[in-house]
Amino acid sequence: MPKRILETTVDWARLKPEEFQWVPCVLCGSFEYTTLASLVINWSEFYLVRCEACDVVWRNPIPDARFLNDLYSEKYYNVATHSPALVYQVGIADWEVPDQNRRRTKTRQEVRRWEERGLTPRDEFNEPRHLLEIGGGRGYLQRAAAELGWSTLGLEISPYGIKAAIDQGLIMLPVTLEELSEKFIPYRDYFDTVVFFDFLEHIPDPGLVLRIVKYVLKEDGSVVLRIPLSGDCPKLHLIDHIWHFSKTSIAALLEREGFREIETVDSGVFEAPNADRIDNLTVFAKKGPRQPLGTAV
Ligand SMILES: [Zn+2]
(Lines give C-alpha, C1' and ligand atoms only; values in the text may rest on other atoms or scores of the structure.)
Protein backbone atom coordinates (compact mmCIF):
# COMPACT_ATOMS: atom_id res chain seq x y z
CA MET A 1 0.00 0.00 0.00
CA PRO A 2 1.40 3.43 -0.85
CA LYS A 3 1.88 5.89 1.99
CA ARG A 4 -1.07 8.27 2.33
CA ILE A 5 0.23 11.84 2.43
CA LEU A 6 -2.96 13.92 2.58
CA GLU A 7 -6.54 13.41 3.67
CA THR A 8 -8.79 16.42 3.46
CA THR A 9 -12.05 17.92 2.27
CA VAL A 10 -12.29 20.87 -0.08
CA ASP A 11 -15.76 22.15 0.67
CA TRP A 12 -16.22 24.33 -2.39
CA ALA A 13 -15.00 21.86 -4.97
CA ARG A 14 -17.53 19.34 -6.22
CA LEU A 15 -16.07 15.93 -6.77
CA LYS A 16 -17.75 13.39 -9.03
CA PRO A 17 -15.66 10.31 -9.82
CA GLU A 18 -17.00 10.18 -13.39
CA GLU A 19 -15.38 13.58 -13.99
CA PHE A 20 -11.91 12.12 -13.36
CA GLN A 21 -9.78 10.26 -15.85
CA TRP A 22 -6.74 7.98 -15.69
CA VAL A 23 -4.07 9.35 -17.99
CA PRO A 24 -0.60 8.25 -19.19
CA CYS A 25 2.70 10.12 -18.81
CA VAL A 26 2.52 13.49 -20.56
CA LEU A 27 6.06 13.02 -21.84
CA CYS A 28 6.24 9.46 -23.24
CA GLY A 29 2.59 8.30 -23.21
CA SER A 30 3.36 5.31 -20.99
CA PHE A 31 0.95 3.81 -18.46
CA GLU A 32 3.92 2.03 -16.83
CA TYR A 33 4.24 3.99 -13.62
CA THR A 34 5.15 3.48 -9.98
CA THR A 35 2.75 4.61 -7.27
CA LEU A 36 4.58 6.89 -4.82
CA ALA A 37 1.79 7.81 -2.41
CA SER A 38 -1.93 8.30 -2.14
CA LEU A 39 -4.13 11.17 -1.05
CA VAL A 40 -7.81 11.40 -0.20
CA ILE A 41 -9.80 14.45 -1.24
CA ASN A 42 -13.49 14.54 -0.38
CA TRP A 43 -13.41 10.82 0.43
CA SER A 44 -12.08 9.85 -3.00
CA GLU A 45 -8.58 8.38 -3.27
CA PHE A 46 -6.00 9.59 -5.78
CA TYR A 47 -2.46 8.42 -6.43
CA LEU A 48 0.81 10.20 -7.00
CA VAL A 49 2.58 8.22 -9.69
CA ARG A 50 5.98 8.44 -11.37
CA CYS A 51 6.59 7.35 -14.95
CA GLU A 52 9.06 4.44 -15.00
CA ALA A 53 10.79 5.92 -18.06
CA CYS A 54 10.75 9.66 -17.23
CA ASP A 55 11.06 11.99 -14.25
CA VAL A 56 7.41 13.07 -14.46
CA VAL A 57 5.21 12.69 -11.37
CA TRP A 58 1.47 13.26 -11.58
CA ARG A 59 -1.80 12.76 -9.77
CA ASN A 60 -3.92 10.01 -11.23
CA PRO A 61 -6.76 10.15 -12.02
CA ILE A 62 -6.88 13.76 -13.09
CA PRO A 63 -9.89 16.11 -13.00
CA ASP A 64 -11.87 17.55 -15.86
CA ALA A 65 -12.71 21.20 -16.54
CA ARG A 66 -15.84 21.29 -14.34
CA PHE A 67 -13.91 20.36 -11.24
CA LEU A 68 -11.16 22.84 -12.10
CA ASN A 69 -13.63 25.70 -12.68
CA ASP A 70 -15.10 25.02 -9.26
CA LEU A 71 -11.67 24.75 -7.61
CA TYR A 72 -10.52 28.13 -8.93
CA SER A 73 -13.41 30.08 -7.43
CA GLU A 74 -12.87 33.12 -5.20
CA LYS A 75 -12.15 30.91 -2.19
CA TYR A 76 -9.03 29.59 -3.92
CA TYR A 77 -7.51 33.04 -3.58
CA ASN A 78 -8.43 33.58 0.06
CA VAL A 79 -6.23 31.60 2.43
CA ALA A 80 -8.26 32.98 5.36
CA THR A 81 -11.10 30.63 4.38
CA HIS A 82 -8.93 27.51 4.19
CA SER A 83 -8.51 25.02 6.98
CA PRO A 84 -4.90 24.80 8.27
CA ALA A 85 -4.45 21.53 6.37
CA LEU A 86 -5.29 23.28 3.13
CA VAL A 87 -3.33 26.52 3.35
CA TYR A 88 -0.30 25.03 1.57
CA GLN A 89 -2.32 22.72 -0.65
CA VAL A 90 -4.48 25.19 -2.54
CA GLY A 91 -4.65 28.87 -3.18
CA ILE A 92 -2.39 31.84 -3.32
CA ALA A 93 -1.34 33.76 -0.23
CA ASP A 94 -2.04 37.23 -1.54
CA TRP A 95 -5.19 38.24 0.30
CA GLU A 96 -3.43 40.87 2.41
CA VAL A 97 -2.27 44.12 0.81
CA PRO A 98 1.42 43.73 1.92
CA ASP A 99 1.47 40.28 0.24
CA GLN A 100 0.05 41.80 -2.94
CA ASN A 101 2.63 44.59 -2.91
CA ARG A 102 5.45 42.11 -2.38
CA ARG A 103 4.28 40.03 -5.33
CA ARG A 104 3.92 43.15 -7.47
CA THR A 105 7.50 44.29 -6.73
CA LYS A 106 8.99 40.83 -7.24
CA THR A 107 7.13 40.31 -10.51
CA ARG A 108 8.25 43.67 -11.87
CA GLN A 109 11.89 42.87 -11.05
CA GLU A 110 11.53 39.52 -12.80
CA VAL A 111 10.00 40.96 -16.00
CA ARG A 112 12.72 43.64 -16.10
CA ARG A 113 15.42 40.94 -15.90
CA TRP A 114 14.10 39.37 -19.13
CA GLU A 115 15.67 42.31 -20.97
CA GLU A 116 19.11 40.77 -20.27
CA ARG A 117 17.98 37.92 -22.57
CA GLY A 118 16.78 40.22 -25.32
CA LEU A 119 13.12 40.02 -24.28
CA THR A 120 12.58 43.76 -24.47
CA PRO A 121 9.18 45.48 -24.38
CA ARG A 122 9.78 47.45 -27.60
CA ASP A 123 11.13 46.47 -31.00
CA GLU A 124 13.72 48.28 -33.16
CA PHE A 125 11.01 50.72 -34.33
CA ASN A 126 10.07 51.47 -30.70
CA GLU A 127 6.75 49.69 -31.22
CA PRO A 128 5.48 47.65 -28.26
CA ARG A 129 6.07 43.93 -28.49
CA HIS A 130 3.09 41.61 -27.92
CA LEU A 131 2.95 39.50 -24.79
CA LEU A 132 0.35 36.86 -23.98
CA GLU A 133 -0.01 35.61 -20.44
CA ILE A 134 -1.88 32.36 -19.92
CA GLY A 135 -3.47 31.76 -16.53
CA GLY A 136 -3.01 35.38 -15.57
CA GLY A 137 -4.68 35.10 -12.14
CA ARG A 138 -5.08 38.54 -10.65
CA GLY A 139 -2.88 40.16 -13.28
CA TYR A 140 0.44 40.70 -11.47
CA LEU A 141 2.62 39.74 -14.39
CA GLN A 142 0.49 41.41 -17.04
CA ARG A 143 0.43 44.65 -15.08
CA ALA A 144 4.21 44.62 -14.57
CA ALA A 145 4.78 43.94 -18.27
CA ALA A 146 2.32 46.65 -19.36
CA GLU A 147 3.98 49.19 -17.04
CA LEU A 148 7.35 48.36 -18.63
CA GLY A 149 5.95 48.99 -22.13
CA TRP A 150 4.73 45.60 -23.44
CA SER A 151 1.41 45.34 -25.25
CA THR A 152 -0.32 42.69 -23.17
CA LEU A 153 -3.23 40.26 -23.28
CA GLY A 154 -4.16 37.78 -20.55
CA LEU A 155 -6.26 34.61 -20.45
CA GLU A 156 -7.83 33.41 -17.21
CA ILE A 157 -10.75 31.12 -16.31
CA SER A 158 -11.36 32.38 -12.77
CA PRO A 159 -14.03 35.13 -12.74
CA TYR A 160 -12.45 36.38 -9.54
CA GLY A 161 -9.01 36.72 -11.12
CA ILE A 162 -10.52 38.33 -14.21
CA LYS A 163 -12.34 40.96 -12.17
CA ALA A 164 -9.18 41.82 -10.22
CA ALA A 165 -7.29 42.26 -13.51
CA ILE A 166 -10.03 44.31 -15.19
CA ASP A 167 -10.19 46.57 -12.14
CA GLN A 168 -6.53 47.45 -12.86
CA GLY A 169 -7.31 48.33 -16.49
CA LEU A 170 -5.87 45.09 -17.94
CA ILE A 171 -7.35 43.01 -20.76
CA MET A 172 -8.01 39.53 -19.41
CA LEU A 173 -10.16 37.27 -21.60
CA PRO A 174 -12.32 34.60 -19.91
CA VAL A 175 -11.20 31.76 -22.18
CA THR A 176 -8.66 28.98 -22.14
CA LEU A 177 -5.90 28.83 -24.73
CA GLU A 178 -7.73 25.92 -26.41
CA GLU A 179 -10.90 28.02 -26.70
CA LEU A 180 -8.93 30.94 -28.11
CA SER A 181 -7.58 28.60 -30.75
CA GLU A 182 -10.96 26.90 -31.44
CA LYS A 183 -12.64 30.25 -32.06
CA PHE A 184 -10.09 30.93 -34.82
CA ILE A 185 -9.21 34.28 -33.30
CA PRO A 186 -6.44 35.36 -35.68
CA TYR A 187 -3.48 35.25 -33.34
CA ARG A 188 -1.37 32.87 -35.45
CA ASP A 189 2.31 33.97 -35.39
CA TYR A 190 1.26 37.06 -33.45
CA PHE A 191 2.92 37.15 -30.03
CA ASP A 192 6.59 37.90 -29.38
CA THR A 193 6.46 36.27 -25.96
CA VAL A 194 4.04 33.88 -24.28
CA VAL A 195 4.33 33.62 -20.52
CA PHE A 196 2.85 31.28 -17.98
CA PHE A 197 3.89 31.32 -14.37
CA ASP A 198 2.66 28.61 -12.03
CA PHE A 199 0.29 27.34 -14.70
CA LEU A 200 1.51 24.28 -16.59
CA GLU A 201 1.38 22.08 -13.50
CA HIS A 202 -2.32 22.89 -12.99
CA ILE A 203 -3.72 21.81 -16.34
CA PRO A 204 -4.77 18.39 -17.64
CA ASP A 205 -2.82 18.46 -20.95
CA PRO A 206 0.44 20.50 -20.84
CA GLY A 207 1.57 19.12 -24.22
CA LEU A 208 -1.52 20.47 -25.97
CA VAL A 209 -0.97 23.90 -24.43
CA LEU A 210 2.63 23.98 -25.68
CA ARG A 211 1.49 23.07 -29.21
CA ILE A 212 -1.02 25.93 -29.26
CA VAL A 213 1.59 28.27 -27.78
CA LYS A 214 3.80 27.53 -30.78
CA TYR A 215 0.88 28.37 -33.06
CA VAL A 216 0.35 31.86 -31.60
CA LEU A 217 4.08 32.68 -31.27
CA LYS A 218 6.01 34.50 -34.00
CA GLU A 219 8.78 32.54 -35.72
CA ASP A 220 11.45 34.00 -33.43
CA GLY A 221 9.11 34.19 -30.42
CA SER A 222 9.94 33.05 -26.90
CA VAL A 223 8.16 31.24 -24.16
CA VAL A 224 8.85 31.99 -20.50
CA LEU A 225 7.39 29.65 -17.93
CA ARG A 226 7.81 29.11 -14.23
CA ILE A 227 7.11 25.86 -12.41
CA PRO A 228 7.67 24.57 -8.89
CA LEU A 229 10.21 21.78 -8.42
CA SER A 230 8.90 19.47 -5.76
CA GLY A 231 11.66 16.91 -5.28
CA ASP A 232 11.29 13.12 -5.16
CA CYS A 233 7.80 13.02 -3.67
CA PRO A 234 5.72 16.20 -3.63
CA LYS A 235 4.15 17.23 -0.31
CA LEU A 236 2.65 20.61 -1.14
CA HIS A 237 -0.02 21.65 -3.64
CA LEU A 238 -1.24 18.10 -3.98
CA ILE A 239 -4.79 19.22 -4.80
CA ASP A 240 -4.29 21.92 -7.39
CA HIS A 241 -1.10 20.66 -9.05
CA ILE A 242 -1.73 17.76 -11.40
CA TRP A 243 1.83 17.51 -12.81
CA HIS A 244 5.08 17.68 -10.85
CA PHE A 245 7.99 18.35 -13.19
CA SER A 246 11.76 18.19 -12.68
CA LYS A 247 14.39 20.25 -14.53
CA THR A 248 14.96 17.27 -16.81
CA SER A 249 11.33 16.45 -17.54
CA ILE A 250 10.20 20.03 -18.26
CA ALA A 251 13.11 20.50 -20.67
CA ALA A 252 12.30 17.16 -22.34
CA LEU A 253 8.65 18.16 -22.74
CA LEU A 254 9.58 21.48 -24.38
CA GLU A 255 12.06 19.74 -26.65
CA ARG A 256 9.47 17.13 -27.66
CA GLU A 257 7.08 19.93 -28.61
CA GLY A 258 9.73 21.48 -30.87
CA PHE A 259 11.09 24.31 -28.73
CA ARG A 260 14.82 25.08 -28.86
CA GLU A 261 17.44 27.06 -26.89
CA ILE A 262 15.86 25.72 -23.70
CA GLU A 263 17.42 27.24 -20.61
CA THR A 264 16.42 26.64 -16.99
CA VAL A 265 17.12 29.19 -14.26
CA ASP A 266 16.54 28.75 -10.53
CA SER A 267 14.11 31.46 -9.50
CA GLY A 268 13.72 31.42 -5.76
CA VAL A 269 12.17 29.41 -2.98
CA PHE A 270 8.71 29.25 -1.50
CA GLU A 271 9.11 28.55 2.22
CA ALA A 272 6.30 26.94 4.17
CA PRO A 273 6.17 27.18 8.00
CA ASN A 274 6.33 23.40 8.37
CA ALA A 275 9.85 23.52 6.87
CA ASP A 276 8.83 22.07 3.53
CA ARG A 277 10.04 24.20 0.66
CA ILE A 278 9.41 24.49 -3.01
CA ASP A 279 12.18 25.63 -5.34
CA ASN A 280 10.87 27.49 -8.37
CA LEU A 281 12.34 27.11 -11.82
CA THR A 282 12.00 29.58 -14.69
CA VAL A 283 12.41 28.15 -18.18
CA PHE A 284 13.18 30.18 -21.31
CA ALA A 285 12.79 28.64 -24.77
CA LYS A 286 12.44 29.71 -28.39
CA LYS A 287 9.87 28.56 -30.88
CA GLY A 288 11.57 26.07 -33.18
CA PRO A 289 11.31 26.08 -36.97
CA ARG A 290 7.96 25.22 -38.51
CA GLN A 291 7.45 21.46 -39.04
CA PRO A 292 6.22 20.20 -42.42
CA LEU A 293 2.69 18.77 -42.37
CA GLY A 294 2.61 15.19 -41.16
CA THR A 295 5.87 15.50 -39.22
CA ALA A 296 5.58 14.14 -35.73
CA VAL A 297 6.67 16.52 -33.00
ZN1 LIG B 1 7.12 8.99 -19.30
Side-chain angles (χ1 to χ4, degrees), residues 26-27 107 110-136 141-156 170-173 175-201 203 205-227 243 245 247-265 267 281-297:
V26 68
L27 198 51
T107 306
E110 193 151 353
V111 176
R112 200 186 282 281
R113 277 202 304 273
W114 296 350
E115 296 186 21
E116 297 162 13
R117 297 169 185 278
L119 300 178
T120 53
R122 291 185 178 271
D123 65 14
E124 60 272 36
F125 305 106
N126 203 30
E127 295 290 332
R129 287 202 161 102
H130 299 287
L131 179 143
L132 173 68
E133 188 192 10
I134 306 167
L141 190 138
Q142 202 194 142
R143 178 170 165 178
E147 285 173 353
L148 291 169
W150 290 86
S151 165
T152 67
L153 174 68
L155 308 181
E156 173 56 54
L170 303 170
I171 302 174
M172 190 77 87
L173 299 182
V175 295
T176 64
L177 185 63
E178 290 96 317
E179 288 165 342
L180 189 79
S181 157
E182 285 162 6
K183 290 178 195 307
F184 298 105
I185 298 174
Y187 279 126
R188 183 170 189 176
D189 300 334
Y190 181 80
F191 293 100
D192 297 278
T193 301
V194 175
V195 188
F196 32 105
F197 277 15
D198 311 315
F199 170 74
L200 210 58
E201 65 276 13
I203 55 166
D205 192 344
L208 175 64
V209 164
L210 291 174
R211 288 191 282 284
I212 304 175
V213 165
K214 277 190 79 179
Y215 181 84
V216 300
L217 268 178
K218 286 181 182 169
E219 277 296 287
D220 58 347
S222 295
V223 64
V224 185
L225 65 98
R226 189 176 68 196
I227 54 162
W243 302 95
F245 293 106
K247 265 184 200 181
T248 312
S249 61
I250 191 67
L253 181 63
L254 282 158
E255 191 174 358
R256 191 197 71 179
E257 297 302 341
F259 289 86
R260 60 188 168 82
E261 296 179 42
I262 300 159
E263 192 180 351
T264 56
V265 180
S267 52
L281 185 77
T282 302
V283 187
F284 297 86
K286 292 265 191 199
K287 175 175 172 175
R290 198 185 296 279
Q291 300 285 338
L293 279 177
T295 306
V297 289

Sidechain N-carboxylate O distance under 4.0 Å for R129, D123: no
I203/W243 under side chain to side chain contact (heavy atoms under 4.5 Å, CB included): CA gap, chis, key distance, verdict: CA-CA 8 Å; I203 55 166; W243 302 95; 5.5 Å; no
Shortest non-hydrogen contact from L131 toward F191: C-CD2, 3.8 Å
Contacts of K247 that satisfy side chain to side chain contact (heavy atoms under 4.5 Å, CB included) - sequence neighbours left out: L229, T264, D266, L281
Nearest-0.5 Å distance, NZ of residue K218 to OG1 of residue T193: 9.0 Å
Spacing of D192 atom CG and L132 atom CG [to the nearest 0.5 Å]: 11.5 Å
By salt bridge (Lys or Arg N to Asp or Glu O under 4.0 Å) - contacts of E178 (at least two apart): none
Any residue meeting ring pair (Phe, Tyr, Trp, His ring centres under 6.0 Å) with F196, in chain and number order, not counting sequence neighbours: F199
CG-CZ distance between L200 and F245, expressed to the nearest 0.5 angstrom: 5.0 Å
Just distance, no hydrogens or angles: give the donor-acceptor pairs under 3.5 Å from side chains in residues 148-155, sequence neighbours left out.
from	atom 1	to	atom 2	distance (Å)
S151	OG	H130	ND1	3.4
T152	OG1	Q142	OE1	3.0

Non-hydrogen atoms of R122 and P128 that approach each other most closely: NH1-CD, 3.6 Å
Contacts of D189 that satisfy salt bridge (Lys or Arg N to Asp or Glu O under 4.0 Å) - sequence neighbours left out: K287, R290
Any V194 side-chain heavy atom under 4.5 Å of L177 side chain: no
Distance (rounded to the nearest 0.5 Å) between E257 CD and I212 CD1: 10.5 Å
Crowding at CD1, I171 (>12 non-hydrogen neighbours, <6.0 Å): no
Under the side chain to side chain contact (heavy atoms under 4.5 Å, CB included) test, residues paired with E147 that sit two or more places apart: R108, R143
Set of residues satisfying salt bridge (Lys or Arg N to Asp or Glu O under 4.0 Å) with respect to E110, sequence neighbours excluded: R226
Distance, nearest 0.5 Å, that separates CZ of F284 from CD1 of I262: 13.5 Å
Shortest non-hydrogen contact between R256 and G207, atoms and distance: NH2-CA, 4.1 Å
Separation of L170 CG from E133 CD (nearest 0.5 Å): 9.5 Å
Non-neighbouring partners of R113 that pass salt bridge (Lys or Arg N to Asp or Glu O under 4.0 Å), sequence neighbours left out: none
Partner residues of R117 under the side-chain hydrogen bond (donor to acceptor under 3.5 Å, both in side chains) criterion, sequence neighbours left out: E263
Counterpart residues, side chain to side chain contact (heavy atoms under 4.5 Å, CB included), relative to T107 (two or more places apart): V111, Y140, L141, A144
